[in-house]
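Every value quoted in this text rests on a predicted model; they were computed, and no experiment measured them. For the numbers below, each heavy atom of this structure counts, side chains included, while hydrogens, waters and symmetry mates do not. Here is how names work: the chains are called A, B, and so on, in the same order as the sequence lines, proteins then strands, and each is numbered from 1.
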Amino acid sequence: MLYSRYFIPTLKETPSDAEVVSHQLMLRAGMIRKLAAGIYNYLPLGLRSIRKFENIVREEMNRAGAIEMLMPSVQPAELWQESGRWTFYGKELLRFKDRKESEFCMGPTHEEVITDLVRREIKSYRQMPVNFYQIQTKFRDEIRPRFGLMRGREFIMKDAYSFDVDGSAADESYDKMYQAYMRIFERCGLKFRAVEADTGSIGGSSSHEFMVLAESGEDAIVSCDSCHYAANVEKAEARPDQLDDKVAQLPLEKVATPDKKTIADVADFLGLPSDRTIKTLIYTSGTGDLVMALLRGDHELNEIKLKNSLCWEEIQMASEEQIMAVTGSPIGFLGPIGLKVKIPIIADLGIQGLANTVVGANEKDVHFTNANLERDFQVDRFIDLRNVVSGDACPRCEQGKLEMWRGIEVGHVFKLGTKYSKALNATYLDADGKEQILFMGCYGIGIGRTVAAAIEQNHDKNGIIFPIPIAPFHCSVVALNTKDKGVMAEAEEIYFKLEKCGIEVLFDDRDERPGVKFKDNDLIGIPLQMVIGSKGLAEGKVEVKIRKTGEVLFLPIEDAIAHIQQLVGSSLNYE
RNA sequence: CGGGGAGUAGCGCAGUCUGGCAGCGCACCUGCCUUGGGAGCAGGGGGUCGAAGGUUCAAAUCCUUUCUCCCCGACCA
């Protein structure tokens with residue numbers, strides 16, 4: 001590709017509305033341009049990277065036995081009404097009517113469509129297992145799109161749906177996808193973790209997220225430093241601490257704590273460590289149910305654990321008025337002792353070992369000290385309610401400690417069970433001619449998001465550093481002096497030779513000063529650069545620059561070509 | 001949806017408080033010059049100041065309404 005005939009509109013300055021590095025660099029490198037909030041043009045360079053990644057995904061999906069197809073991006077309302085999600089999905093579903101006033105939506109996901117297809121076409125156990133996938137543009141009318149391709153409203157996604165005769169066959173399909181995902185992200189040269197995850201609104205029995213590690217990641221994840229356990233913090237299990245030694249229970253005492261509302265304030269004021277206090281939180285389902293949650297003062301509530309334990313659809317902190325009605329006290333002095341209205345009390349496992357703790361007295365500016373479980377207050381249920389923190393004991397092995405990371409969720413695999421097949425009545429006949437419900441799995445990969453995550457993980461102050469497998473071009477040939485016929489002729493010949501070897505080359509033939517070319521080639525992240533100048537050519541040599549390390553090799557032309565070939569070859573080779 | 005901020009040339013911004021010629025840097029076009037890390041000189045093009053209404057002799061600037069975009073929260077590939 002000739003740079004001068006291509007289209008790479010780079011920017012020197014960072015557009016002010018881009019916050020994260022990948023967004024800034026994709027704009028500056030001329031990969032994308034915004035059309036509307038969360039909706040982007042993919043410019044030639046950006047599209048090349050996306051296509052590269054799509055092809056890796058495609059190869060690995062095919063290899064795992066999945067079958068490619070393509071479903072429409074516009075979907076009829078009837079299907080969504082049938083699954084119940086027309087009302088449940090809310091405003092994120094972009095709806096509109098056609099000229100006949102029939103209702104449609106832009107597909108945010110394709111469970112309904114695929115299940116509808118499959119229930120018509122898959123009738124027999126002999127047709128399974130089967131796994132269909134597509135690479136499609138989805139639309140979710142997010143309340144707040146942000147971070148460029150990382151969270152757009154319109155985005156490209158690979159989604160796959162497996163159908164099996166029973167749970168254990170579905171587990172096998174799931175494992176295949178899990179392995180395919182491992183290969184996909186390894187092939188891209190990304191640092192990532194597969195972690196246990198909450199299934200969220202998609203539902204199903206279990207799931208794993210694939211997280212590209214990056215400081216700017218929106219998710220917190222943990223992994224064990226000694227076994228294979230890894231999980232999203234939303235899901236990560238906390239192992240309760242050892243129970244306290246038997247200590248003598250001291251008498252319950254009321255103490256004045258004027259204006260001491262936070263755990264830190266109260267602990268400070270009383271001269272106690274915060275793990276000797278109990279944090280009391282009141283939550284509501286939004287439909288009138290209330291629950292009290294107790295945690296050790298230094299622990300943080302995991303709302304998802306609480307929500308899942310209650311089987312509520314929604315969970316939010318109770319309002320000041322609701323709290324006042326239950327406890328008679330303003331926020332800051334809540335506790336489990338002496339409630340005006342009885343509500344369920346759920347406590348974190350960490351509460352069990354505590355003795356002589358501090359709790360709010362349900363009275364403004366007053367706390368109790370030496371409160372003790374059973375003697376002073378009762379708990380309806382003990383469950384794991386808290387967020388794990390770095391250094392916590394691993395829930396799976398004896399010696400391990402949990403390490404914390406930030407991650408960008410680029411893939412998610414779900415065991416769906418029969419949730420959708422039941423709702424849409426997708427059945428097959430088994431070997432005995434009996435009608436059975438299909439078992440499903442679904443598997444997503446954010447295509448644009450993965451490219452953005454790769455940039456988030458691989459950049460420096462000069463710009464993007466693409467891993468070769470998803471780089472828009474493997475190599476650039478930078479001709480330094482375009483007026484020098486010798487340089488241009490030699491550069492052109494090298495360009496042809498490299499292309500003939502199957503290397504994807506961007507030939508920077510622009511009539512620009514060297515500095516401009518170096519800056520642009522660095523910015524757009526071309527992993528290997530061959531620099532051809534008149535001085536080097538006088539010795540029959542050219543430079544090979546490795547973008548990632550900055551290393552520069554001064555080599556005879558043929559050696560340089562061979563070296564590039566070898567570097568590209570080894571990075572694309574994966575077994 | 002709640003809270004915060006911003007809309008002035010393709011990009012980055014000043015000007016708005018205190019109304020009075022619409023500006024600066026980069027980019028773009030022409031010429032000269034220059035060629036190993038975003039050069040220099042000279043000349044040039046480009047604006048309904050987000051939109052609508054109002055106040056005023058006069059509005060980018062003051063008032064009202066509205067649209068868009070960005071940031072923080074809940075959702076998600």
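If you check every strand for non-hydrogen atoms under 4.0 Å, A/G152 touches a base. Residue contacts shown for A/E142 include a base, since a base heavy atom lies under 4.0 Å away. Within 4.0 Å (heavy atoms only), A/R28 reaches at least one base atom of the nucleic acid. Using a 4.0 Å heavy-atom criterion, one finds that A/G411 contacts the sugar-phosphate atoms exclusively. Using a 4.0 Å heavy-atom criterion, one finds that A/F210 contacts no nucleic acid atom at all. Here A/K34 lies in heavy-atom contact (under 4.0 Å) with sugar-phosphate atoms only. Residue A/D520 is classed as a base contact, given a heavy-atom separation below 4.0 Å to a base. Across all strands, A/V410 comes closer than 4.0 Å only to sugar-phosphate atoms, never to a base (heavy-atom distances).
A/D116 contributes no side-chain N or O that, together with a main-chain N or O of A/E112, makes up a donor-acceptor pair within less than 3.5 Å.
Side-chain to base pairing of A/R449 with B/rC76: one donor and one acceptor N or O lie within less than 3.5 Å of each other. Residue A/E512 places no side-chain atom within donor-acceptor reach of the base of B/rG38, judged by atom type and a 3.5 Å distance cut-off alone. If you check distances only, the side chain of A/R144 never reaches the base of B/rC1 with a donor-acceptor pair under 3.5 Å. Between the side chain of A/N481 and the base of B/rG36, no donor-acceptor pair under 3.5 Å is found. Judged by distance alone, with hydrogens and angles left aside, A/D522 brings a side-chain donor or acceptor within reach of the base of B/rG37, the pair sitting under 3.5 Å.
Looking at the side chain of A/L480, the nearest of the listed nucleotides B/rG38, B/rG36, B/rU35 is B/rG36. Side-chain proximity of A/E409 to the nucleotides B/rC69, B/rC75, B/rA77 is greatest for B/rA77. Of the candidates B/rC75, B/rC70, B/rG38, B/rC70 carries the atom nearest the A/A37 side chain, counting heavy atoms from C-beta on. Checking B/rU34, B/rC1, B/rA77 against every side-chain atom of A/K91, the shortest atom distance belongs to B/rC1. Looking at the side chain of A/K12, the nearest of the listed nucleotides B/rG38, B/rA77, B/rG36 is B/rG38. Closest to the side chain of A/K545, out of B/rC76, B/rC75, B/rG37, is B/rG37. The listed nucleotides are B/rC71, B/rA77, B/rG36; the one nearest the side chain of A/R146 is B/rC71.
Between A/R140 and B/rC76 there is no side-chain N or O to OP1 or OP2 distance below 4.0 Å. Checking the phosphate oxygens (OP1, OP2) of B/rA77, no side-chain nitrogen or oxygen of A/K138 falls inside 4.0 Å.
Of the P atoms belonging to B/rG3 and B/rC24, the separation is 40 Å, rounded to the nearest Å. If you take atom C1' in B/rC63 and the same atom in B/rG44, they sit 40 Å apart, rounded to whole Å. Spacing of P atoms, B/rG40 relative to B/rU34, comes out at 15 Å, to the nearest Å. Separating the P atom of B/rG25 from that of B/rC62 is a span of 26 Å, rounded to the nearest Å. Separating the C1' atom of B/rA9 from that of B/rG50 is a span of 14 Å, rounded to the nearest Å. Using C1' as the reference atom, B/rA59 and B/rG15 are 14 Å apart when rounded to the nearest Å. Across B/rA6 and B/rU16, the matching C1' atoms stand 14 Å from one another, rounded to whole Å. Rounded to the nearest Å, the gap between the C1' atom of B/rU8 and that of B/rG23 is 10 Å.
Regarding A/Q134, its CD atom lies at a distance of 15 Å from the P atom of B/rA77, rounded to whole Å. B/rC70 atom P lies 15 Å from atom CE of A/M150, rounded to whole Å. Per the geometry, CD1 belonging to A/I408 stands 18 Å off P belonging to B/rC76, to the nearest Å. Rounded to whole Å, atom P of B/rA77 lies 16 Å from atom CG of A/D141. Put simply, CD1 on A/I315 is 11 Å from P on B/rC75, counting in whole angstrom units. In this structure, A/M317 places its CE atom 16 Å from P of B/rG73, rounding to the nearest Å. Between A/E19 atom CD and B/rG4 atom P there is a gap of 19 Å when expressed in whole angstrom units. Rounded to an integer number of Å, the gap from NZ of A/K535 to P of B/rG36 is 6 Å.
As the counterpart of B/rC21, no nucleotide is assigned, since no Watson-Crick or G-U wobble pattern has both distances under 3.5 Å. Within the shown strands, B/rC72 is the pairing partner of B/rG2 under the Watson-Crick or G-U definition, both distances less than 3.5 Å. In this structure, B/rA60 makes no Watson-Crick or G-U wobble pair, since no nucleotide meets both defining distances under 3.5 angstrom. Remark: B/rC26 base-pairs with B/rG10; criterion is Watson-Crick or G-U wobble with both hydrogen-bond distances under 3.5 Å. Pairing for B/rG31 goes to B/rC41, judged as Watson-Crick or G-U wobble with the two contacts each under 3.5 Å.
Counted within 6.0 Å of NZ on A/K541, heavy atoms from surrounding residues, nucleotides or ligands total more than 12; the atom is thus considered enclosed. By the neighbour-count criterion of 12 heavy atoms within 6.0 Å, atom CD of A/E300 is sparsely surrounded, having that number or fewer from other residues, nucleotides or ligands. More than 12 heavy atoms of other shown residues, nucleotides or ligands fall within 6.0 angstrom of atom CD in A/E539.
For the side chain to side chain contact (heavy atoms under 4.5 Å, CB included) with A/P514, the lone residue among A/L480, A/V478, A/N481 that qualifies is A/L480.
Every residue was checked against the ring-ring contact (aromatic ring centres under 6.0 Å, His included) condition with A/F53, not counting sequence neighbours, and none meets it.
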Interface polar pairs with nucleotides 9-13 of chain B, N/O, under 3.5 angstrom:
{"residue": "B/rC11", "atom": "O2", "partner": "A/E13", "partner atom": "OE1", "Å": "3.2"}
{"residue": "B/rG12", "atom": "OP1", "partner": "A/S16", "partner atom": "N", "Å": "2.8"}
{"residue": "B/rG12", "atom": "OP1", "partner": "A/S16", "partner atom": "OG", "Å": "3.3"}
{"residue": "B/rC13", "atom": "OP2", "partner": "A/S16", "partner atom": "OG", "Å": "3.1"}

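A donor atom on one side chain and an acceptor atom on the other are not found under 3.5 Å apart for A/Y40 and A/R153.
For the pair A/E218 and A/P145, nearest-nucleotide mapping onto RNA chain B gives the more 5' position to A/P145. In this structure, A/P514 and A/E209 both approach RNA chain B, and ranking their closest nucleotides by distance from the 5' end singles out A/P514.
Smallest separation of non-hydrogen atoms from A/Y161 and A/T109: OH-OG1, 3.8 Å. Scanning both residues, A/Y181 and A/G411, for their nearest heavy atoms gives CE2-CA, 4.2 Å.
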Distance-only donor-acceptor hits, side chain of residues 527-535 of chain A, under 3.5 Å, sequence neighbours excluded:
{"residue": "A/Q529", "atom": "NE2", "partner": "A/N521", "partner atom": "O", "Å": "3.4"}
{"residue": "A/Q529", "atom": "NE2", "partner": "A/D522", "partner atom": "OD1", "Å": "3.2"}
{"residue": "A/Q529", "atom": "NE2", "partner": "A/I526", "partner atom": "O", "Å": "3.4"}

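Geometrically, A/K138 does not engage A/F155 in a cation-pi contact defined by less than 6.0 Å to the ring centre and at most 45° from the axis. A cation-pi geometry, defined here as NZ or CZ lying under 6.0 Å from the six-membered ring centre and within 45° of its normal, holds between A/R95 and A/W86.
Centre separation under 5.5 Å together with a plane angle under 30° holds for the ring of A/F155 and the six-membered base ring of B/rA77, marking them as stacked.
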